[in-house]
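The chain is numbered in sequence order, starting from 1.
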Amino acid sequence: MKKIASLYIVILGLMASQLAQAQINPNLVQAGIDALMSATITNAQIAEISKEAVKEMDAKNPVAPASDAYTKRLNRIVSRYRTISGIPLNYKVYKVPDVNAFATADGSVRVFQGLMDIMNDKEILAIIGHEIGHVVNHDSHDAAKSALRRSALRNAVAANDGVLGKLSRSELGGLADYMASASFSRQQETDADDFSYAFLKRNGQSVLALATSFEKLDKAGGGKVPQFLSTHPDSKARAARVRARAKQEGVR
Ligand SMILES: [Zn+2]
């Protein structure tokens, strides 16, 4: 394993030096990186590293204690949803004013106080459904992998004990920041919306809460879209899409 990894490092090193000398096709370099990563990182490792990165994130942020009113409220909202689509979930509130929420490949869901302050319980569940959609659809997994690809590449140059080596705390922190603010493609966002819609419908919850949460985000943003929604189709269009579908299916 080590030998294979070293070989890739040599290949990458060669590619990098060629890149410096001539204008080599960057896709070739990317292909080398892809080979490197697929050879060394398993899904279980991604989940493990995501978990470590979230631990780092939790240490850096004011996590609401179990006795906190926000924690109690979140627990009430998600009590029936400790596992979704076979993924065991753990939930925490960050007591920060940002209107944000995220979920990571290991099933950690983090909801920010600012979001809880403007949404009702049904809307919070709808947004959590969306975030979990990213996990179930492997978007979070791919985002973590892409973030790792960078740090692993840095490590590959510096470390000599395997490609992943041991990620430093600051690298884990950087990885966590990246995962928390990962921007997905529009298609990934639409798919996550659809996941939330199906999740809410399946559980007899309000699908229209998904629409009203988008409308609130639209208002709260005042034209400025929160970062975690930056690549989403615009909030009004998303809300209209949900409303049209709910009407067609005769659900609320
Ligand atoms: Zn999203």
Side-chain angles (χ1 to χ4, degrees), residues 37 40-79 81-84 87-119 124-125 127-136 138-156 158-159 161-184 226-230:
M37 296 310 287
T40 54
I41 296 197
T42 64
N43 287 355
Q45 279 178 307
I46 293 271
E48 193 52 42
I49 289 161
S50 297
K51 203 173 166 183
E52 288 303 312
V54 170
K55 231 190 255 173
E56 194 63 23
M57 191 96 178
D58 287 352
K60 279 198 310 194
N61 283 284
V63 175
S67 59
D68 189 277
Y70 283 91
T71 306
K72 288 181 178 168
R73 181 179 169 209
L74 182 62
N75 285 341
R76 230 175 17 246
I77 296 168
V78 302
S79 60
Y81 313 106
R82 295 292 170 180
T83 298
I84 297 180
I87 298 174
L89 303 164
N90 72 86
Y91 298 90
K92 282 189 168 93
V93 178
Y94 286 169
K95 298 202 79 175
V96 292
D98 309 47
V99 177
N100 203 352
F102 68 89
T104 53
D106 61 299
S108 298
V109 180
R110 299 295 178 261
V111 184
F112 294 37
Q113 179 178 336
L115 184 80
M116 293 185 75
D117 283 341
I118 63 166
M119 300 289 170
I124 290 171
L125 185 63
I127 289 171
I128 288 173
H130 172 96
E131 294 306 318
I132 290 165
H134 283 307
V135 178
V136 174
H138 280 93
D139 302 339
S140 314
H141 179 278
D142 294 344
K145 198 164 178 173
S146 135
L148 258 180
R149 189 168 284 159
R150 284 162 215 173
S151 57
L153 191 62
R154 280 204 310 269
N155 274 9
D161 65 334
V163 169
L164 264 186
K166 251 215 155 329
L167 292 179
S168 68
R169 287 182 74 83
S170 70
E171 277 174 320
L172 277 175
L175 194 60
D177 290 343
Y178 182 88
M179 290 191 304
S181 62
S183 54
F184 302 116
Q227 195 182 12
F228 79 115
L229 296 170
S230 58

Checklist entry - About how many Å separate CG of Asp98 and CG of Leu115, when rounded to the nearest 0.5 Å? => result 10.0 Å

Next on the checklist: Rounded at 0.5 Å granularity, tell me how far OG1 in Thr104 sits from NE2 in His141.
Outcome noted: 12.0 Å

Checklist entry - Looking only at heavy atoms, which two atoms of Pro65 and Thr71 are closest? And how far apart? => result O-OG1, 2.7 Å

Checklist outcome for this item: Looking only at heavy atoms, the pair that brings Ser140 and Ala103 closest together is OG-O, 3.6 Å

Item to check | Contacts of Lys72 that satisfy side chain to side chain donor-acceptor pair (under 3.5 Å) - sequence neighbours left out | outcome: none

Item to check | Arg82 and its side chain to side chain contact (heavy atoms under 4.5 Å, CB included) partner, picked from Leu89, Asn75, Asn90 | outcome: Asn75

Checklist outcome for this item: Applying salt bridge (charged side-chain N to carboxylate O under 4.0 Å, His left out) to Lys55 and not counting sequence neighbours gives Glu52

Next on the checklist: In the structure I gave you, are the side-chain heavy atoms of Ile132 and Ile87 within less than 4.5 Å of one another anywhere?
Outcome noted: no

Item to check | Non-neighbouring partners of Asn61 that pass side chain to side chain donor-acceptor pair (under 3.5 Å), sequence neighbours left out | outcome: none

Item to check | Derivation of the side chain to side chain contact (heavy atoms under 4.5 Å, CB included) call for Lys95 and Asp68 | outcome: CA-CA 10 Å; Lys95 298 202 79 175; Asp68 189 277; 2.7 Å; yes

Checklist outcome for this item: Residues passing the side chain to side chain contact (heavy atoms under 4.5 Å, CB included) test with Val63, sequence neighbours excluded, are Asp58, Lys92, Tyr94

Checklist entry - What heavy-atom pair brings Pro88 and Thr83 nearest, and what distance separates the two atoms? => result CA-OG1, 4.0 Å

Checklist entry - Got a sec, which residues hit side chain to side chain contact (heavy atoms under 4.5 Å, CB included) with Val93, two or more places apart in sequence or on another chain? => result Ala64, Tyr70, Leu74, Met116

Checklist entry - Can you list the residues that meet the salt bridge (charged side-chain N to carboxylate O under 4.0 Å, His left out) rule with Arg73, with sequence neighbours excluded? => result Asp121

Checklist outcome for this item: In terms of heavy-atom contacts, Ile127 and Met119 come closest through CD1-CE, 3.9 Å

Checklist entry - Do Ile77 and Tyr91 have side chains that get closer than 4.5 Å, going by heavy atoms? => result no

